[in-house]
Amino acid sequence: MLCKEKIRTSSRDEIVDITRQTDALVARSGVQEGLAVVYCPHTTAGIAINENADPDVKRDVLMRLDEVYPWTHPKYRHEEGNTASHLKAFTTGNSQTVIVSGGRLLLGRWQGIYFCEFDGPRDREYFVKIVEG
């Protein structure tokens, strides 16, 4: 089962929890055992798995990414002016694979799946491929 999900981000850098939506897609698929691949087809956004209990984690991650990859740098050459967003997407990666067990995502107690926006706000999409097996 392949699902295309739409998401609207509201700021240049934003981490959006998509765990609940992804788990609902798994439940709807009827797959009891398998894999869910969450994929972002954008070069300035990514998919990550990390803590979803304390919202300060998202704030801290965005803060450090901004420190490591500042929006402006005298040596950036990319004409669009969004080199930092590409670097952040490289770091985050464009997909995550999660085991499906018992018809649910097999995540750790504090883990969540995140759509990571680095060049917003934008209308975006991501895909979830659920494979039985």
* To do: Taking Arg122 for its side chain and Asp119 for its backbone only, find out whether a donor-acceptor pair lies under 3.5 Å.
  => yes
* Which pair of heavy atoms, one from Glu117 and one from Gly120, lies closest together, and at what distance? -> OE2-N, 3.2 Å
* Lys58 side, atom NZ; Cys116 side, atom SG - distance, nearest 0.5 Å -> 9.5 Å
* Going by heavy atoms in the side chains, are Asn50 and Val57 under 4.5 Å from each other? -> yes
* Is there a side-chain contact (heavy atoms from CB on, under 4.5 Å) between Lys88 and Val68 once you walk through the steps? -> CA-CA 9 Å; Lys88 292 172 186 180; Val68 173; over 6 Å; no
* Report yes if the side chains of Asn52 and Tyr114 come closer than 4.5 Å at any heavy-atom pair, otherwise no. => yes
* Asked: Do you know which two heavy atoms are closest between Leu25 and Cys3, and how far apart they sit?
  -> CD2-SG, 3.8 Å
* **Connected via hydrophobic side-chain network under 4.5 Å: Leu65 and Ile47** => no
* **Polar side-chain atom of Glu33 near backbone of Gly102 as donor-acceptor pair, under 3.5 Å** => yes
* Taking side chain as C-beta onward, heavy atoms only, is Asp17 less than 4.5 Å from Ile113? -> no
* Of all heavy-atom pairs between Ala89 and Ala45, which one has the smallest distance, and what is that distance? -> CB-O, 3.6 Å
* Quick one: does Ser85's side chain have a donor or acceptor within less than 3.5 Å of a partner on Asn82's backbone? -> yes
* **Heavy-atom side-chain proximity of Val61 to Ile15 below 4.5 angstrom** => yes
* For Arg104, does the CZ atom have more than 12 heavy-atom neighbours from other residues, nucleotides or ligands under 6.0 Å away? -> no
* Would you call the rings of His78 and His86 parallel, tilted or perpendicular, where under 30° means parallel and over 60° means perpendicular? -> perpendicular
* What heavy-atom pair brings Ser29 and Val26 nearest, and what distance separates the two atoms? -> OG-O, 2.6 Å
* No-hydrogen, no-angle side-chain donor-acceptor test under 3.5 Å, Arg124 and Thr44 -> yes
* Asked: Side chain of Glu5, backbone of Ile7: donor and acceptor closer than 3.5 Å?
  -> no
* Any donor-acceptor pair under 3.5 Å from Asp123 side chain to Arg8 backbone -> no
* Can you tell me how far CD of Glu125 sits from NZ of Lys4, rounded to the nearest 0.5 angstrom? -> 4.0 Å
* Same apolar cluster (I L V M F W Y, side chains within < 4.5 Å links), Phe118/Tyr76 -> yes
* Over 12 foreign heavy atoms within 6.0 Å of CD, Glu67 -> yes
* Asked: Can you tell me how far CZ of Phe115 sits from SG of Cys40, rounded to the nearest 0.5 angstrom?
  -> 4.0 Å
* To do: May I ask you to test the Met1-Val128 pair for a side-chain heavy-atom distance under 4.5 Å?
  => no
* Asked: In terms of hydrophobic clustering (I, L, V, M, F, W, Y; side-chain heavy atoms under 4.5 Å; direct or indirect links), are Leu35 and Leu106 co-clustered?
  -> yes
* **Over 12 non-hydrogen atoms of neighbours within 6.0 angstrom of CG in Leu2** => yes
* Honestly curious: do Leu107 and Tyr126 fall in one hydrophobic cluster under the side-chain, below-4.5 Å linking rule? -> yes
* **Under 3.5 Å donor-acceptor, Gln21 side chain and Ala24 backbone** => no
* Is Ile18 reachable from Ile49 through a run of I, L, V, M, F, W or Y residues, each pair having side-chain heavy atoms under 4.5 Å apart? -> yes
* Separation of Glu14 CD from Leu62 CG (nearest 0.5 Å) -> 8.5 Å
* **Under 3.5 Å side-chain donor-acceptor pair for Tyr69 and Thr91** => yes
* Asked: Counting N and O atoms only, with roles assigned by atom type, does the side chain of Asp23 sit under 3.5 Å from a partner on the main chain of Leu105, one being a donor and the other an acceptor?
  -> yes
